[in-house]
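Naming: A, B, ... by sequence-line order, numbering from 1 per chain. These numbers were taken from a predicted model, which means no experiment stands behind them. Computed from heavy atoms alone, side chains included, the values below leave out hydrogens, waters and symmetry copies.
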There are 2 protein chains.
Amino acid sequence: MNAQAQVLKGHLDVLLLATLEAGPRHGYAVKEALREGSGGRFDLPTGTIYPALHRLAGAGLIAGSWSTVDGRRRRTYRLTAAGQRRLHADRSNWHDFATAITALLETRPWPATS
Amino acid sequence: MNAQAQVLKGHLDVLLLATLEAGPRHGYAVKEALREGSGGRFDLPTGTIYPALHRLAGAGLIAGSWSTVDGRRRRTYRLTAAGQRRLHADRSNWHDFATAITALLETRPWPATS
DNA sequence: CACTCATAGCTAGGTTTGCTACCTATCAAC
DNA sequence: GTTGATAGGTAGCAAACCTAGCTATGAGTG
């Protein structure tokens with residue numbers, strides 16, 4: 001059973017891209033940025049974050065590179081040009097989407113029940 | 001390959017419940033209400049609508065009853081009390097969710113890249 | 001020293017969701 | 001007689017996110 005269920009509903013990718021817009025970050029920092037930036041609302045497990053970053057990297061939207069800091073390995077990601085484009089597109093799509101859903105949820109009354 | 005991809009991303013249920021708020025409708029009418037109410041943006045295939053309605057019925061959020069109109073069988077759905085409660089909750093969740101995402105996407109600049 | 005916690009990374013597998021692709025059937029229009 | 005809109009349905013795939021588990025380091029506490 002799923003206590004909490006899919007909090008981000010398909011909008012995780014945009015958010016990940018957005019956290020990288022200001023500059024490169026490693027995975028854990030992305031997770032923290034999302035948590036802090038949302039006031040704790042989006043505190044995602046690493047099992048969500050890392051696979052998603054791999055997915056974005058596989059799609060060429062971000063690029064990762066290994067480094068070692070204090071004997072701790074880190075994988076730092078940066079936005080690629082394609083990622084930047086995707087972010088812009090997704091941001092605009094989000095606005096359209098949110099507007100459409102909000103409008104539908106506020107439609108009152110709905111067109112006549114035939 | 002998915003040309004259009006999961007347009008509703010987990011928010012389908014609220015919309016279906018919302019279309020039934022004003023009164024009972026049969027499945028096809030729900031589909032049309034969604035299409036018209038969104039200006040054509042959410043023109044979902046019946047393969048999305050019907051299974052979703054079955055799912056909601058199975059969860060006790062809507063209740064369906066068969067009838068026959070002009071020799072054509074129809075299954076008319078109405079919101080249950082639980083469905084009404086769920087709709088109210090989901091509507092409020094949507095607003096919080098949308099606000100949070102929008103805020104994150106507009107966060108510029110993001111908290112310092114460590 | 002032993003332990004825990006925050007940091008940092010990872011994977012396997014399951015469930016849910018929405019979609020494609022298909023099927024049946026009636027009625028109206030051409 | 002065939003098409004298109006209406007009306008219902010299913011099987012099965014793919015993606016997405018989550019749970020649950022794993023390794024490892026460094027700092028702080030007992």
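- In this structure, NZ of B:K31 is placed 12 Å from P of D:dG8, rounded to the nearest angstrom.
- Side-chain atoms of B:T102 come within 3.5 Å of backbone atoms of B:A98 as a donor-acceptor pair (strictly under, hydrogens ignored).
- In this structure, CZ of B:R25 is placed 12 Å from P of D:dA7, rounded to the nearest angstrom.
- When rounded to the nearest whole Å, the span between CD of A:E32 and P of C:dC5 equals 17 Å.
- Interface residues of residues 47-57 of chain A facing DNA chain C, ordered by number: A:G47, A:Y50, A:P51, A:H54; criterion, heavy-atom separation under 4.0 Å.
- Formation of a donor-acceptor pair under 3.5 Å by the B:K31 side chain with backbone atoms of B:P45 is not found in this model.
- A pairwise comparison of heavy atoms in B:R41 and A:A100 identifies CD-CB, 3.8 Å as the closest pair.
- In terms of modelled atom types and a separation under 3.5 Å, the side chain of B:R25 and the main chain of B:T19 share a donor-acceptor contact.
- Going from atom CZ of B:R75 over to atom C1' of D:dA7 covers 13 Å, rounded to whole Å.
- B:H11 and B:W94 have perpendicular rings, their planes meeting at more than 60° on a 0 to 90° scale where under 30° would count as parallel.
- Residues meeting the side chain to side chain contact (heavy atoms under 4.5 Å, CB included) test with A:A57, sequence neighbours left out: A:I62, A:Y77.
- Summary for the helix from C:dC1-D:dG30 to C:dC30-D:dG1: the axes at its two ends, each from 5 pairs, differ by 10° when rounded to the nearest 10 degrees.
- Atom CG in B:L8 sits about 11 Å away from atom C1' in C:dT17, given to the nearest Å.
- Rounded to an integer number of Å, the gap from B:H11 NE2 to D:dC17 P is 11 Å.
- Side-chain proximity of A:Y28 to D:dG9, C:dT7, D:dC18: nearest is C:dT7.
- Between A:L53 and A:G27, the shortest heavy-atom contact is CD1-CA, 3.7 Å.
- Here the side chain of A:S38 pairs a donor or acceptor atom with the backbone of A:R35 at under 3.5 angstrom.
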Inset, instruction - Could you please spell out the steps behind the side-chain contact (heavy atoms from CB on, under 4.5 Å) verdict for B:I49 and B:Y28? - result: CA-CA 8 Å; B:I49 300 286; B:Y28 199 84; over 6 Å; no

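- Remark: A:R73 is not in phosphate contact with C:dG9, judged by side-chain N or O atoms under 4.0 Å from OP1 or OP2.
- Rounded to a whole Å, the CG atom of B:L12 is 8 Å from the C1' atom of C:dG18.
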Identify the pairs formed between an N or O of the protein and an N or O of nucleotides 27-30 of chain C at a distance under 3.5 Å, and give each distance.
residue : atom : partner : partner atom : Å
C:dC27  : OP1  : B:D70   : O            : 2.9
C:dC27  : O4'  : B:R72   : NH2          : 3.3

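- For the pair B:D43 CG and C:dG18 C1', the interatomic distance rounds to 15 Å; values are reported in whole Å.
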Mind listing the side-chain donor-acceptor pairs of residues 80-88 of chain B below 3.5 Å, one per line with the distance, residues two or more places apart or on another chain?
residue : atom : partner : partner atom : Å
B:T80   : OG1  : B:G60   : O            : 2.7
B:T80   : OG1  : B:L61   : O            : 3.0
B:T80   : OG1  : B:A82   : N            : 3.4
B:T80   : OG1  : B:G83   : N            : 3.0

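- B:R91 pairs by the salt bridge (Lys or Arg N to Asp or Glu O under 4.0 Å) definition with B:E21, not counting sequence neighbours.
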